[in-house]
Amino acid sequence: MKLEAGMSAVVTGGASGLGKASAKALSDQGLKVAIFDINDEDGEAHAAAIGGTFHHVDIMDEQSVVDGFAAARAANGQERATVHCAMASRRGKTLGFDKETGSYKRLSTEDYAFGTQGILVASYRIASLSALGMANTDPVNEDGERGSITLTASVAAEDGQIGQVIYGSCKAGVNGLVLPMARDLMNLGIRVNSIMPGIFDTPLFKGMKERNRAVWDQLNASVPFPKRLGHADEFGSLVCEIARNSYINGHQFRLDGAIRMPPK
(Lines give C-alpha, C1' and ligand atoms only; values in the text may rest on other atoms or scores of the structure.)
Protein backbone atom coordinates (compact mmCIF):
# COMPACT_ATOMS: atom_id res chain seq x y z
CA MET A 1 0.00 0.00 0.00
CA LYS A 2 1.63 3.18 -1.11
CA LEU A 3 2.03 5.70 1.69
CA GLU A 4 1.48 9.17 0.32
CA ALA A 5 0.11 12.62 0.96
CA GLY A 6 -3.66 12.66 1.28
CA MET A 7 -3.75 9.34 3.13
CA SER A 8 -4.81 9.28 6.79
CA ALA A 9 -3.65 7.28 9.79
CA VAL A 10 -4.65 6.78 13.42
CA VAL A 11 -2.11 6.14 16.16
CA THR A 12 -3.22 5.35 19.71
CA GLY A 13 -0.86 6.30 22.50
CA GLY A 14 0.63 8.81 20.08
CA ALA A 15 1.55 11.38 22.73
CA SER A 16 4.66 9.55 23.89
CA GLY A 17 7.04 6.64 23.42
CA LEU A 18 6.50 4.17 20.61
CA GLY A 19 3.21 5.75 19.60
CA LYS A 20 4.79 9.18 19.31
CA ALA A 21 7.54 7.76 17.09
CA SER A 22 4.98 5.91 14.97
CA ALA A 23 2.94 9.07 14.46
CA LYS A 24 6.02 10.99 13.35
CA ALA A 25 7.19 8.20 11.04
CA LEU A 26 3.84 8.06 9.27
CA SER A 27 3.69 11.86 9.09
CA ASP A 28 7.14 11.89 7.50
CA GLN A 29 5.66 9.72 4.74
CA GLY A 30 3.07 12.42 4.06
CA LEU A 31 0.14 10.96 5.98
CA LYS A 32 -2.24 13.05 8.04
CA VAL A 33 -2.06 11.44 11.49
CA ALA A 34 -4.75 11.47 14.15
CA ILE A 35 -3.33 10.90 17.62
CA PHE A 36 -5.54 9.16 20.19
CA ASP A 37 -4.40 9.66 23.78
CA ILE A 38 -5.55 10.80 27.21
CA ASN A 39 -2.49 13.03 27.64
CA ASP A 40 -3.97 16.21 26.20
CA GLU A 41 -0.96 18.50 26.61
CA ASP A 42 1.65 16.23 25.04
CA GLY A 43 -0.79 14.86 22.48
CA GLU A 44 -1.80 18.28 21.23
CA ALA A 45 1.82 19.43 21.11
CA HIS A 46 2.96 16.41 19.08
CA ALA A 47 -0.03 16.65 16.73
CA ALA A 48 0.83 20.28 16.07
CA ALA A 49 4.48 19.41 15.50
CA ILE A 50 3.69 16.81 12.84
CA GLY A 51 0.73 18.59 11.25
CA GLY A 52 -1.79 16.07 12.55
CA THR A 53 -4.81 16.19 14.82
CA PHE A 54 -5.28 15.24 18.45
CA HIS A 55 -8.32 13.50 19.90
CA HIS A 56 -8.82 12.76 23.59
CA VAL A 57 -9.62 9.04 23.50
CA ASP A 58 -9.79 6.56 26.36
CA ILE A 59 -9.16 3.11 24.89
CA MET A 60 -11.00 1.54 27.85
CA ASP A 61 -14.23 3.32 26.89
CA GLU A 62 -16.15 2.10 23.84
CA GLN A 63 -17.98 5.36 23.19
CA SER A 64 -14.80 7.38 23.58
CA VAL A 65 -13.15 5.28 20.86
CA VAL A 66 -16.21 5.44 18.58
CA ASP A 67 -16.29 9.22 18.97
CA GLY A 68 -12.53 9.44 18.40
CA PHE A 69 -12.72 7.61 15.08
CA ALA A 70 -15.65 9.77 14.00
CA ALA A 71 -13.78 12.97 14.84
CA ALA A 72 -10.57 11.79 13.17
CA ARG A 73 -12.40 10.80 9.99
CA ALA A 74 -14.27 14.10 9.91
CA ALA A 75 -10.95 15.95 10.15
CA ASN A 76 -8.68 13.80 7.99
CA GLY A 77 -10.78 11.29 6.08
CA GLN A 78 -10.92 7.53 6.50
CA GLU A 79 -7.74 6.13 8.02
CA ARG A 80 -5.88 3.58 5.92
CA ALA A 81 -3.24 2.78 8.53
CA THR A 82 -3.98 2.23 12.21
CA VAL A 83 -1.29 1.66 14.80
CA HIS A 84 -2.39 0.70 18.30
CA CYS A 85 0.23 1.43 20.98
CA ALA A 86 -1.86 2.55 23.96
CA MET A 87 -2.50 0.15 26.83
CA ALA A 88 -3.43 -0.07 30.51
CA SER A 89 -2.42 -2.87 32.86
CA ARG A 90 -1.36 -3.84 36.35
CA ARG A 91 1.52 -5.89 37.69
CA GLY A 92 1.91 -8.68 40.20
CA LYS A 93 2.78 -12.31 40.74
CA THR A 94 0.12 -14.99 40.69
CA LEU A 95 0.90 -15.62 44.38
CA GLY A 96 2.83 -13.23 46.61
CA PHE A 97 3.93 -13.57 50.21
CA ASP A 98 2.27 -11.14 52.63
CA LYS A 99 4.71 -10.40 55.47
CA GLU A 100 1.94 -8.92 57.63
CA THR A 101 -0.18 -12.07 57.62
CA GLY A 102 2.66 -14.54 57.14
CA SER A 103 0.81 -16.25 54.31
CA TYR A 104 0.46 -16.12 50.55
CA LYS A 105 -2.09 -13.97 48.78
CA ARG A 106 -3.41 -14.27 45.25
CA LEU A 107 -3.26 -11.65 42.54
CA SER A 108 -6.90 -10.65 42.31
CA THR A 109 -9.14 -11.60 39.43
CA GLU A 110 -10.13 -7.93 39.25
CA ASP A 111 -6.52 -6.91 38.62
CA TYR A 112 -6.23 -9.55 35.92
CA ALA A 113 -9.50 -8.44 34.34
CA PHE A 114 -8.27 -4.84 34.27
CA GLY A 115 -5.26 -5.95 32.24
CA THR A 116 -7.38 -7.91 29.79
CA GLN A 117 -9.53 -4.82 29.24
CA GLY A 118 -6.57 -2.47 28.89
CA ILE A 119 -4.52 -4.69 26.58
CA LEU A 120 -6.50 -7.43 24.85
CA VAL A 121 -10.04 -6.04 24.71
CA ALA A 122 -8.75 -2.57 23.84
CA SER A 123 -6.73 -4.05 20.96
CA TYR A 124 -9.83 -5.76 19.59
CA ARG A 125 -11.85 -2.56 20.07
CA ILE A 126 -9.41 -0.38 18.15
CA ALA A 127 -8.76 -2.92 15.40
CA SER A 128 -12.39 -3.87 14.77
CA LEU A 129 -13.69 -0.29 14.78
CA SER A 130 -10.94 0.79 12.40
CA ALA A 131 -11.64 -2.20 10.15
CA LEU A 132 -15.32 -1.28 10.07
CA GLY A 133 -14.46 2.14 8.69
CA MET A 134 -11.99 0.73 6.17
CA ALA A 135 -14.47 -1.88 4.96
CA ASN A 136 -16.92 0.78 3.81
CA THR A 137 -14.44 2.58 1.54
CA ASP A 138 -13.01 1.87 -1.88
CA PRO A 139 -9.75 -0.08 -2.26
CA VAL A 140 -6.55 1.90 -2.71
CA ASN A 141 -4.74 -0.40 -5.14
CA GLU A 142 -5.13 -3.21 -7.66
CA ASP A 143 -4.83 -5.84 -4.91
CA GLY A 144 -8.09 -4.57 -3.46
CA GLU A 145 -6.36 -3.31 -0.31
CA ARG A 146 -8.33 -1.07 2.01
CA GLY A 147 -5.97 -0.65 4.92
CA SER A 148 -3.44 -1.94 7.43
CA ILE A 149 -3.83 -2.43 11.19
CA THR A 150 -0.77 -2.88 13.39
CA LEU A 151 -1.16 -3.93 17.01
CA THR A 152 1.53 -3.70 19.68
CA ALA A 153 2.30 -6.90 21.55
CA SER A 154 5.60 -7.43 23.41
CA VAL A 155 8.45 -9.91 23.72
CA ALA A 156 6.71 -10.67 27.03
CA ALA A 157 4.10 -12.47 24.92
CA GLU A 158 6.73 -15.18 24.45
CA ASP A 159 9.19 -14.48 27.29
CA GLY A 160 6.92 -13.37 30.12
CA GLN A 161 8.93 -12.64 33.26
CA ILE A 162 8.13 -12.99 36.95
CA GLY A 163 5.41 -10.50 37.79
CA GLN A 164 4.14 -10.34 34.19
CA VAL A 165 1.35 -12.91 34.37
CA ILE A 166 -1.16 -10.23 33.36
CA TYR A 167 0.98 -8.35 30.86
CA GLY A 168 2.58 -11.41 29.27
CA SER A 169 -0.59 -13.41 28.80
CA CYS A 170 -2.59 -10.44 27.52
CA LYS A 171 0.14 -9.49 25.05
CA ALA A 172 0.14 -13.13 23.92
CA GLY A 173 -3.59 -12.66 23.40
CA VAL A 174 -2.86 -9.69 21.16
CA ASN A 175 -0.68 -11.94 19.01
CA GLY A 176 -3.52 -14.45 19.07
CA LEU A 177 -5.85 -11.88 17.52
CA VAL A 178 -3.67 -11.34 14.50
CA LEU A 179 -4.11 -14.40 12.28
CA PRO A 180 -7.83 -15.06 12.82
CA MET A 181 -8.61 -11.37 12.39
CA ALA A 182 -6.47 -11.18 9.25
CA ARG A 183 -8.42 -14.14 7.89
CA ASP A 184 -11.74 -12.60 8.92
CA LEU A 185 -10.84 -9.48 6.94
CA MET A 186 -9.02 -11.05 3.99
CA ASN A 187 -11.89 -10.63 1.54
CA LEU A 188 -12.08 -6.95 2.45
CA GLY A 189 -8.41 -6.30 1.78
CA ILE A 190 -7.59 -5.30 5.36
CA ARG A 191 -4.31 -6.56 6.78
CA VAL A 192 -3.58 -7.20 10.47
CA ASN A 193 -0.15 -7.63 12.06
CA SER A 194 1.58 -7.08 15.39
CA ILE A 195 4.97 -5.93 16.61
CA MET A 196 6.64 -7.38 19.72
CA PRO A 197 9.11 -4.74 20.92
CA GLY A 198 11.90 -5.69 23.26
CA ILE A 199 13.48 -3.15 25.62
CA PHE A 200 13.12 0.32 24.14
CA ASP A 201 14.41 3.69 25.28
CA THR A 202 11.04 5.26 26.07
CA PRO A 203 9.78 7.51 28.89
CA LEU A 204 9.49 4.37 31.03
CA PHE A 205 13.27 4.54 31.46
CA LYS A 206 13.50 8.33 31.67
CA GLY A 207 16.25 9.37 34.03
CA MET A 208 17.54 5.84 34.71
CA LYS A 209 20.86 6.56 33.02
CA GLU A 210 21.48 9.38 35.47
CA ARG A 211 19.94 7.75 38.55
CA ASN A 212 21.42 4.28 38.28
CA ARG A 213 24.09 3.99 35.61
CA ALA A 214 24.96 0.42 36.59
CA VAL A 215 21.41 -0.81 35.94
CA TRP A 216 21.26 1.20 32.71
CA ASP A 217 24.50 -0.36 31.47
CA GLN A 218 23.27 -3.81 32.46
CA LEU A 219 20.07 -3.34 30.47
CA ASN A 220 22.01 -2.27 27.40
CA ALA A 221 24.47 -5.16 27.75
CA SER A 222 21.60 -7.67 27.96
CA VAL A 223 20.76 -7.10 24.29
CA PRO A 224 22.82 -9.39 22.00
CA PHE A 225 23.19 -6.84 19.19
CA PRO A 226 23.20 -3.95 19.00
CA LYS A 227 24.08 -3.70 22.68
CA ARG A 228 21.65 -0.94 23.54
CA LEU A 229 17.99 -0.32 24.10
CA GLY A 230 15.90 0.07 20.99
CA HIS A 231 15.29 3.51 19.56
CA ALA A 232 11.66 4.52 19.19
CA ASP A 233 12.23 5.55 15.58
CA GLU A 234 13.25 1.95 14.81
CA PHE A 235 9.77 0.91 15.91
CA GLY A 236 8.30 3.66 13.74
CA SER A 237 10.32 2.44 10.77
CA LEU A 238 8.84 -1.04 11.08
CA VAL A 239 5.35 0.44 11.44
CA CYS A 240 5.80 2.15 8.07
CA GLU A 241 7.18 -0.95 6.36
CA ILE A 242 4.28 -3.07 7.58
CA ALA A 243 1.81 -0.50 6.28
CA ARG A 244 3.70 -0.14 2.99
CA ASN A 245 4.32 -3.81 2.17
CA SER A 246 1.05 -5.38 1.07
CA TYR A 247 2.39 -8.93 1.39
CA ILE A 248 2.90 -8.61 5.14
CA ASN A 249 -0.25 -10.03 6.70
CA GLY A 250 -1.17 -12.17 9.69
CA HIS A 251 2.32 -11.92 11.16
CA GLN A 252 3.91 -11.14 14.53
CA PHE A 253 7.30 -9.43 14.42
CA ARG A 254 9.87 -9.49 17.21
CA LEU A 255 11.83 -6.23 17.24
CA ASP A 256 14.31 -6.88 20.00
CA GLY A 257 18.00 -7.08 19.01
CA ALA A 258 17.77 -10.89 19.47
CA ILE A 259 17.08 -10.61 23.21
CA ARG A 260 15.34 -13.44 25.06
CA MET A 261 14.10 -12.31 28.42
CA PRO A 262 15.20 -14.28 31.52
CA PRO A 263 12.71 -15.21 34.27
CA LYS A 264 13.55 -11.95 36.08
Side-chain angles (χ1 to χ4, degrees), residues 1-5 7-39 42-57 59 65 68-69 72 75-76 78-88 119 122-123 125-127 129-131 133-134 147-155 157 171 174-175 177-178 190-206 229-245 248-249 251-256:
M1 181 172 70
K2 185 178 180 180
L3 303 182
E4 56 188 350
M7 186 175 284
S8 299
V10 167
V11 178
T12 74
S16 65
L18 301 180
K20 182 176 182 178
S22 299
K24 184 180 186 305
L26 290 166
S27 175
D28 288 346
Q29 298 297 312
L31 278 68
K32 187 80 168 181
V33 181
I35 291 173
F36 288 6
D37 211 297
I38 57 173
N39 184 336
D42 289 349
E44 289 173 356
H46 191 46
I50 65 173
T53 58
F54 173 76
H55 309 272
H56 183 99
V57 173
I59 61 167
V65 175
F69 274 116
N76 305 328
Q78 171 62 47
E79 75 278 358
R80 298 296 188 165
T82 293
V83 183
H84 177 51
C85 295
M87 58 153 279
I119 297 176
S123 294
R125 177 179 290 125
I126 294 294
L129 286 170
S130 181
M134 293 174 181
S148 168
I149 297 168
T150 303
L151 303 175
T152 303
S154 167
V155 294
K171 287 296 190 178
V174 171
N175 279 344
L177 281 176
V178 169
I190 301 169
R191 296 182 291 113
V192 184
N193 297 281
S194 68
I195 301 174
M196 293 179 276
I199 310 173
F200 272 71
D201 188 359
T202 65
L204 178 67
F205 296 103
K206 186 177 181 180
L229 274 65
H231 296 157
D233 60 359
E234 291 170 326
F235 184 92
S237 175
L238 182 54
V239 161
C240 289
E241 182 56 25
I242 289 172
R244 182 185 296 113
N245 191 324
I248 296 175
N249 194 18
H251 194 65
Q252 304 92 14
F253 292 88
R254 286 187 72 120
L255 186 66
D256 60 14

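At least one donor-acceptor pair closer than 3.5 Å links the side chain of N39 to the backbone N or O of D42. In this structure, S130 contributes its side chain and I126 its backbone to no donor-acceptor pair below 3.5 Å. The main-chain N or O of I248 is found under 3.5 Å from a side-chain atom of N193 such that the two form a donor-acceptor pair.
For the pair A25 and G236, the tightest heavy-atom approach, listed with the atom from each and the gap, is CB-O, 3.6 Å. When all heavy atoms of A243 and A81 are compared, the pair lying nearest together is CB-CB, 4.4 Å. Closest approach of L151 to A127, counting heavy atoms only: CD2-CB, 4.1 Å. Scanning all heavy atoms of the two residues, the minimum distance from L177 to S123 falls at CD1-CB, 4.0 Å. Summarising the geometry of T53 relative to A75, their closest heavy-atom pair is CG2-CB, 4.2 Å, with the distance given to 0.1 Å. A23 and V33 make their closest contact through O-CG2, 3.6 Å (heavy atoms, listed as atom of the first residue, atom of the second, distance).
In this structure, the side chains of C240 and L3 come closer than 4.5 Å at one or more pairs of heavy atoms. Residues D256 and M196 fail the side-chain proximity criterion, which asks for heavy atoms closer than 4.5 Å. For the pair S194 and V178, the minimum side-chain heavy-atom distance is below 4.5 Å. Between T150 and I195 the shortest side-chain heavy-atom distance falls below 4.5 Å. Looking only at side-chain heavy atoms (C-beta outward), E79 and F69 come within less than 4.5 Å of each other. Side-chain contact between V174 and I119: present, with at least one pair of heavy atoms (C-beta onward) separated by less than 4.5 Å.
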Inset, instruction - Dump the intermediate steps for side-chain contact (heavy atoms from CB on, under 4.5 Å) on H84 and I59, then the final yes or no. - result: CA-CA 10 Å; H84 177 51; I59 61 167; 4.1 Å; yes
Inset, instruction - Go through the steps to decide whether F54 and F36 satisfy the test ring pair (Phe, Tyr, Trp, His ring centres under 6.0 Å), and finish with yes or no. - result: CA-CA 6 Å; F54 173 76; F36 288 6; 8.8 Å; no
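Partners of H251 under the ring-ring contact (aromatic ring centres under 6.0 Å, His included) rule, at least two apart in sequence or in another chain, are F253. Judged as a ring-ring contact (aromatic ring centres under 6.0 Å, His included), and not counting sequence neighbours, F200 has no contacts.
Among V11, L255, V83, T152, the single residue meeting the side-chain contact (heavy atoms from CB on, under 4.5 Å) criterion with V239 is V83. Screening V192, I242, N245, N249 for a side-chain contact (heavy atoms from CB on, under 4.5 Å) with S148, the sole residue that qualifies is I242.
Contacts classified as side-chain hydrogen bond (donor to acceptor under 3.5 Å, both in side chains) and involving residues 28-38 (residues at least two apart or in different chains) are given here: K24-D28, Q29-R244.
The neighbour count for I38 CD1, taken as heavy atoms of other residues, nucleotides or ligands under 6.0 Å away, does not exceed 12.
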